[in-house]
Amino acid sequence: MTDDRTKPVADIAYVSEVRVERLGGPLRAAHLPGDEEPTVYGMHGAIAEHYGIEPGTAPSRASTIDHLVGAALG
């Protein structure tokens with residue numbers, strides 16, 4: 001059996017540089033490398049209800065969890 005603790009660690013291949021900007025309320029804009037326009041995250045449905053966002057006070061947008069699930073499935 002080999003001892004993995006003695007294997008060298010690979011060089012870092014990539015460091016992501018993402019900037020997130022608060023737009024107000026639940027809205028955030030993620031500035032991602034490779035995209036000219038930011039990705040806007042927010043809340044909708046049960047998520048907004050859970051956090052006490054009154055209907056109609058903020059635009060309904062996909063949440064970060066929606067994008068994480070989409071990325072994992074993509």
> Minimum heavy-atom separation for Ala62 to His67, with atom names?
Replying inline: CB-NE2, 3.7 Å

>> Could you check whether atom CD1 of Ile12 has more than 12 heavy atoms from other residues, nucleotides or ligands sitting under 6.0 Å from it?
In response: no

> For the hydrophobic clusters of this structure (ILVMFWY residues joined by side-chain heavy atoms under 4.5 Å, transitively), does one cluster hold both Val40 and Ile47?
Replying inline: no

>> If you compare all heavy atoms of Val18 against all heavy atoms of Pro33, which two are closest, and at what distance to 0.1 Å?
In response: CG2-CD, 4.1 Å

>> Please report the interatomic distance NE2(His31) to CD(Glu17), rounded to the nearest 0.5 Å.
In response: 14.0 Å

> Going only through I, L, V, M, F, W and Y residues with side-chain contacts under 4.5 Å, is there a path from Val20 to Leu27?
Replying inline: no

>> According to a hydrophobic-cluster definition based on side-chain heavy atoms being under 4.5 Å apart (Ile, Leu, Val, Met, Phe, Trp, Tyr only), do Ile65 and Ile53 belong together?
In response: yes

>> So which atom in His44 and which in Ser63 form the shortest heavy-atom distance, rounded to 0.1 Å?
In response: CD2-N, 4.1 Å

> Got a donor-acceptor contact below 3.5 angstrom from the Arg61 side chain to the Ala58 backbone?
Replying inline: no

> Do Tyr41 and Tyr51 sit in the same hydrophobic cluster, where Ile, Leu, Val, Met, Phe, Trp and Tyr count as joined when their side-chain heavy atoms come under 4.5 Å apart?
Replying inline: no

> If two hydrophobic side chains count as joined below 4.5 Å and joins carry through other members, does Met43 share a cluster with Val69?
Replying inline: yes

